[in-house]
Amino acid sequence: MLNFLAQLLASSLGVFLTAQWLGGVQLNTPLDAVIVALVFGVVNATIGPVIRLLTLPLSLLSLGLFSLLINAALVLLVDSMLRGFWVRDLWTAFLFSIVCTLITMILGALLKPKES
């Protein structure tokens with residue numbers, strides 16, 4: 001449970017910091033960052049694998065770079081689902097997904113609970 005909360009905090013901070021830094025992304029409130037992190041996690045865990053499986057040939061031909069576009073499309077899907085989160089276009093969603101992933105990975109490593 002502590003691991004989940006640490007990852008949620010890292011993801012929420014990643015969404016919040018990326019939205020603050022990147023023009024073309026808007027969050028209405030800081031709480032919306034938590035909601036975006038939760039919804040994006042659910043979308044990425046349910047719809048993401050199906051889309052990745054269906055587009056596997058394109059991903060193989062592009063040496064995995066097509067998966068970055070899939071992530072951007074999933075960001076736009078989350079944008080269409082929520083009122084407190086707005087992304088301008090596909091290019092902004094592409095940059096958002098890359099920057100947010102990097103920030104979340106770094107924060108996730110820093111916030112990970114120590115095993116005793």
Side-chain angles (χ1 to χ4, degrees):
M1 182 67 170
L2 199 55
N3 243 352
F4 171 76
L5 291 175
Q7 189 59 40
L8 179 61
L9 178 62
S11 297
S12 301
L13 284 171
V15 168
F16 181 77
L17 293 173
T18 305
Q20 295 300 311
W21 177 74
L22 193 63
V25 178
Q26 181 180 349
L27 288 170
N28 288 345
T29 65
L31 179 62
D32 287 331
V34 177
I35 296 168
V36 169
L38 282 170
V39 171
F40 189 70
V42 170
V43 166
N44 215 10
T46 56
I47 299 170
V50 174
I51 294 173
R52 283 184 184 86
L53 183 64
L54 292 174
T55 60
L56 186 62
L58 286 173
S59 290
L60 291 174
L61 286 174
S62 68
L63 302 175
L65 293 177
F66 191 73
S67 64
L68 295 174
L69 283 177
I70 293 170
N71 282 345
L74 292 176
V75 168
L76 289 176
L77 178 64
V78 171
D79 167 36
S80 69
M81 295 168 68
L82 300 176
R83 291 187 189 269
F85 178 60
W86 176 80
V87 180
R88 182 181 349 163
D89 54 14
L90 181 64
W91 176 246
T92 306
F94 182 79
L95 289 174
F96 178 85
S97 66
I98 292 173
V99 173
C100 186
T101 299
L102 292 173
I103 292 173
T104 300
M105 284 174 39
I106 292 168
L107 290 174
L110 293 173
L111 295 173
K112 186 174 182 179
K114 304 291 185 228
E115 305 271 338
S116 49

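Just so it is clear, the structure is predicted and the values come from calculations on it, not from any experiment. For reference, positions follow the sequence shown, starting with 1.
When all heavy atoms of Gly24 and Trp86 are compared, the pair lying nearest together is O-CZ3, 3.6 Å. Nearest heavy-atom pair across Ser11 and Thr104 is OG-CG2, 3.6 Å. When every heavy atom of Ile51 is checked against every heavy atom of Thr55, the shortest pair comes out as O-OG1, 2.8 Å. Across every non-hydrogen atom of Val75 and Ser97, the tightest pair is CG2-CB, 4.0 Å.
Between the side chain of Thr18 and the backbone N or O of Val15, no donor-acceptor pair lies under 3.5 Å.
Note on Val78 and Val42: separate hydrophobic clusters, where clusters join Ile, Leu, Val, Met, Phe, Trp and Tyr whose side-chain heavy atoms are under 4.5 Å apart, directly or indirectly. The hydrophobic clustering, which links ILVMFWY residues whose side-chain heavy atoms are closer than 4.5 Å, places Val25 and Trp21 together.
Taken to the nearest 0.5 Å, the CG atom of Leu27 stands 7.0 Å off from the CD atom of Gln20. With rounding to the nearest 0.5 Å, the separation of OG in Ser59 from CG in Leu53 is 10.0 Å. A distance of 11.0 Å separates CD1 in Ile106 from CG in Leu17, rounded to the nearest 0.5 Å. Between Arg83 atom CZ and Asp32 atom CG the span is 12.0 Å, to the nearest 0.5 Å.
Taking 4.5 Å as the limit, some side-chain heavy atom of Thr92 sits within range of a side-chain heavy atom of Leu22. Looking at heavy atoms from C-beta onward, Phe94 lies out of side-chain contact with Leu90 at the 4.5 angstrom threshold. Under the 4.5 Å side-chain criterion, counting only non-hydrogen atoms from C-beta, Val87 is not in contact with Gln26. Side chains of Met81 and Val43 form a contact here, defined as non-hydrogen atoms less than 4.5 Å apart. Between Leu82 and Ile35 the shortest side-chain heavy-atom distance falls below 4.5 Å.
Aromatic ring centres of Phe85 and Phe96 lie closer together than 6.0 Å.
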Donor-acceptor contacts, no H, no angles, side chain residues 64-74, under 3.5 Å, sequence neighbours left out:
{"residue": "Ser67", "atom": "OG", "partner": "Gly64", "partner atom": "O", "Å": "2.5"}
{"residue": "Asn71", "atom": "OD1", "partner": "Arg52", "partner atom": "NH2", "Å": "2.5"}

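Paired with Met105 under the rule side chain to side chain contact (heavy atoms under 4.5 Å, CB included), one option of Thr101, Ile103, Leu107 passes, and it is Thr101.
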